[in-house]
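Down below is the structure, laid out as structure tokens.
Below, read A as the first sequence line, B as the second, and so on, with proteins coming before strands; counting in each chain starts at 1.
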There are 4 protein chains.
Amino acid sequence: MNVHSANIGDLVTAPGKREEILRAALEVIAAQGFHGAPIAAIAEQAGVGAGTIYRYFENKDVLIRELFQEIRQRICAGLWEDYPAEAELPVRFTHLGAALLRHLISNPRDFQYLEQFHNSPYGVEFRRDRILGKGEDSDLCRGLLEEGLARQLVKELPLVVLFALAFGPIIAVARDHNLGFIELDEGLIKATVQACWDGIRK
Amino acid sequence: MNVHSANIGDLVTAPGKREEILRAALEVIAAQGFHGAPIAAIAEQAGVGAGTIYRYFENKDVLIRELFQEIRQRICAGLWEDYPAEAELPVRFTHLGAALLRHLISNPRDFQYLEQFHNSPYGVEFRRDRILGKGEDSDLCRGLLEEGLARQLVKELPLVVLFALAFGPIIAVARDHNLGFIELDEGLIKATVQACWDGIRK
Amino acid sequence: MNVHSANIGDLVTAPGKREEILRAALEVIAAQGFHGAPIAAIAEQAGVGAGTIYRYFENKDVLIRELFQEIRQRICAGLWEDYPAEAELPVRFTHLGAALLRHLISNPRDFQYLEQFHNSPYGVEFRRDRILGKGEDSDLCRGLLEEGLARQLVKELPLVVLFALAFGPIIAVARDHNLGFIELDEGLIKATVQACWDGIRK
Amino acid sequence: MNVHSANIGDLVTAPGKREEILRAALEVIAAQGFHGAPIAAIAEQAGVGAGTIYRYFENKDVLIRELFQEIRQRICAGLWEDYPAEAELPVRFTHLGAALLRHLISNPRDFQYLEQFHNSPYGVEFRRDRILGKGEDSDLCRGLLEEGLARQLVKELPLVVLFALAFGPIIAVARDHNLGFIELDEGLIKATVQACWDGIRK
DNA sequence: GATGAATGAGCGTTCATTCAT
DNA sequence: CATGAATGAACGCTCATTCAT
């Protein structure tokens, strides 16, 4: 019996406390960093008792990591929206890059959380799979780059390098946007992603 | 009365304790993150008593920040080595990019430290100037990109975006190298930096 | 949401922890001085964990100062008991002096605490108002001396000097009693206070 | 061989370091209290190395206590100056009281030190002999009061109580002077001491 | 199930004391 | 002798976690 599942038929189920806690954790951590986010602060933000958190998450590590996974899910989900599966490779690439960039700048707390997460006690073991690590999203991107390689549309470089060339600038530019160094509009998003393509195309 | 300076020619003088402590802090923090780097652990790694650290650094924050500045100095210094000031712009750019990338992968602890630092309570105020922030190094890079803009050799994009395109992949690829996802050799370094140029050039 | 209040009539409620901590602090500090009264010692004496103290007092300074105020309140309260507001001035004076002296010797820990407090890092700012500083108690005493001055019953000396003459011996004798140099009985109390009056009266 | 004694015949003996250290300790402690007077601060004020202090005093406790004794000596010495040994008892008493009060207000650091000392880790065991405890000074005062008792000039009260009546106000008024609550001039000094006599005389 | 008061290990920091120079 | 760099025990305080209610 999973305590977190809402019983079907239970018409007065409050919005899950689990979700409330995750939301609160995201809010506090994005705003204050992992320091400044003691369990007590998260509990207060969530409007629950501190002890309650431990009914939904084994411990703080688990909470932090599950939040990480949720955020990654959200990002992945966005990438598939309106994906022009039948279009030319460059079109698909720029669609993907732009979708990713748009998500990162319209969900600054998600992005801030990810950045906080990776260099924290909690995220060390996830260091290796940054944004776009494993799972569908990665498959999508990797597939795309592999196709480019196979069809000799992109430079003959290791996949890892192509990944860096393709998405490194997107993440860097999203950070700059979040820090207020630049205001990205649709034009700049497109131009940036296009430039990424220029970097990897043959 | 500078207690920290080692007398030149005094061969019996142990390498300065200050340096020993900085080295130890770098080692511990790069390996364990800021968590897992209590003063006691740094002191042990340095082979000194905990109290000794406070003779050289006002407090932990200062130690952490001075180490940050030292590392940045080291990186900056490397960029100027053999810099072909008279060469064509693309040559200068690729020299710079390759020098940076080489430093990041040959000094993995420096790199890991920088990454840890920026998303930590200590580094919040430095968030904005990631690797290559202010100072000579940044001037060097910015000057180069500005020259490219003025001479219409690079895309007409905001400087911030050009920065992201030029150095985002380098940092991403350095991280992958450090994590063991790829073994960068001189050929790959050159190719990566060249691809960065492809991303920004007109 | 006052967590410290004990519900009246709730017989099962243990005496408030806050009071327990204050009691423990008084005990330890009166006995050992402020040195020898680390938080851990106070916590042990109170039978609580060290961290618990911080649920009731923001920090050690606050604990120490609140205890000071509580003790002062206790003393003040005693002065008004059976106060013969309508009696002659000398009667009122001796009532007051005797009440004070009785309190100081029957509550030796209160007295010892006050003495410790005033010459401690915590009490510096209260240095000026020793025992009988501000508030009702002081008003009571001052009013009495001022009345004496106005009615030419006491010497024409600055109020400060009259205070010293009136209460200096009382405090000195209380200390001697506490240190075991003398056993004050009701006769000696009366005689001492009478002698104080002799010192100030015209 | 006492390291502290200046060798007779050693014509270039610097003013004793021991005295320098005691002077420095008095200065720092009177100004900052015992907190804020770490050995390092005393050493700096004295212009010697921290380790040097341990050549003159076994440890900090000893330093603090020897300073206490020195100050008491100084005060005692002053009491005998111009002592009118042949005069009437009240004259001798007021001479003594006035001399004491004058010393306390003209040597505020001595007085502040004494006050700090008695309620400190170092002074606990001296608590009982306040100012005027043992030794000549006390003998002088006690003798005087005993004489008064024998000759039925002062009230028939225990010596301890007479002490409190005689000197309690003097110390209280000296404190007020030091704290700036009153400016004692020769007239007030005389009046205060006279009032003390009024308190004890039959 | 939900709570939040209680806990105590662990942190950063100070400072009396030692001892190699 | 004098020094002051080095030490580490001890402090005040935080916060993840538990558990009685």
Side-chain angles (χ1 to χ4, degrees), chain A residues 3 17 35-44 47-64 121, chain B residues 1 3-4 12 14 16-18 21 34-44 46-64, chain C residues 1 3-4 12 14 16-18 21 34-44 46-64, chain D residues 3 17 35-44 47-64 121:
Chain A
V3 291
K17 276 199 177 160
H35 72 288
I39 282 284
I42 295 171
E44 187 183 20
V48 303
T52 306
I53 289 180
Y54 288 83
R55 300 200 60 77
Y56 293 93
F57 304 93
E58 196 189 334
N59 55 40
K60 200 184 179 185
D61 283 38
V62 168
L63 162 58
I64 257 61
Chain B
M1 58 163 170
V3 293
H4 308 140
V12 205
K17 270 205 173 142
R18 190 190 135 88
I21 292 165
F34 278 105
H35 77 290
I39 283 285
I42 295 172
E44 189 182 17
V48 303
T52 304
I53 290 180
Y54 291 85
R55 296 196 54 76
Y56 295 92
F57 303 93
E58 197 188 333
N59 55 43
K60 198 185 179 184
D61 281 40
V62 167
L63 162 58
I64 258 60
Chain C
M1 57 165 171
V3 292
H4 309 139
V12 205
K17 269 202 175 144
R18 189 189 135 88
I21 292 165
F34 277 106
H35 78 290
I39 282 285
I42 295 172
E44 189 181 17
V48 303
T52 304
I53 289 180
Y54 292 86
R55 297 195 56 75
Y56 295 92
F57 303 93
E58 197 189 332
N59 54 44
K60 199 185 178 184
D61 282 39
V62 168
L63 163 58
I64 259 60
Chain D
V3 291
K17 275 197 178 161
H35 73 289
I39 281 285
I42 295 171
E44 188 183 19
V48 304
T52 305
I53 289 180
Y54 288 84
R55 301 199 60 78
Y56 293 92
F57 303 94
E58 195 189 333
N59 56 40
K60 199 182 178 185
D61 283 38
V62 168
L63 161 59
I64 257 60

>> Side chain of B/K17, heavy atoms from C-beta onward: which of E/dT3, F/dA6, E/dA6 has the nearest atom to it?
In response: F/dA6
> Over how many whole Å does the gap from B/I53 atom CD1 to F/dG8 atom P extend?
Replying inline: 12 Å
>> In whole Å, I'd like the distance from the CD1 atom of C/I21 to the P atom of E/dA5.
In response: 13 Å
>> Just to be sure I understand: a Watson-Crick pair is purine N1 to pyrimidine N3 plus N6-O4 or O6-N4, both under 3.5 Å. Using that and G-U wobbles, which stems of three or more pairs involve DNA chain F?
In response: E:2-21 with F:2-21
> Of the non-hydrogen atoms in C/F34 and C/K60, which two are nearest, and what is the gap between them?
Replying inline: O-NZ, 4.5 Å
> How far does CG of C/L63 sit from CZ of C/R18, to the nearest 0.5 angstrom?
Replying inline: 9.0 Å
> Considering residues at least two apart in sequence or located in another chain, which fulfil the side chain to side chain donor-acceptor pair (under 3.5 Å) criterion with A/N59?
Replying inline: none
>> Give me the atom names and distance for the closest heavy-atom approach of C/A41 to C/G36.
In response: CB-O, 4.3 Å
> Roughly how far, to the nearest 0.5 Å, is CD1 of C/I42 from CD1 of C/I53?
Replying inline: 5.5 Å
Hey, what are the protein-to-nucleotides 16-20 of chain F N/O distances that come in under 3.5 Å?
| residue | atom | partner | partner atom | Å |
| --- | --- | --- | --- | --- |
| F/dA16 | OP1 | A/K60 | NZ | 2.9 |
| F/dA16 | OP2 | A/I39 | N | 2.6 |
| F/dT17 | OP2 | A/Y54 | OH | 3.1 |
| F/dT17 | OP2 | A/K60 | N | 3.0 |

> Going from CG on B/D61 to CD1 on B/I64, what distance comes out if it is rounded to the nearest 0.5 angstrom?
Replying inline: 7.5 Å
>> Does a side-chain N or O of A/Y56 approach OP1 or OP2 of E/dG1 to a distance below 4.0 Å, or not?
In response: no
>> Minimum heavy-atom separation for C/I21 and C/A46, please, with both atom names.
In response: CA-CB, 4.1 Å
> What is the distance, rounded to the nearest whole Å, between atom CG of D/L63 and atom P of E/dA16?
Replying inline: 11 Å
>> If the cut-off is 4.0 Å, is D/R55 near the phosphate of F/dA2, judged by side-chain N/O to OP1 or OP2?
In response: yes
>> Of the options F/dA6, F/dT3, E/dT3, whose atoms approach the side-chain atoms of D/V48 most closely?
In response: F/dT3
> How many Å lie between NE2 on A/H35 and C1' on E/dG10, as a whole number?
Replying inline: 19 Å
> What pair of heavy atoms forms the shortest contact from C/A43 to C/A50, and how long is it?
Replying inline: CB-CA, 3.7 Å
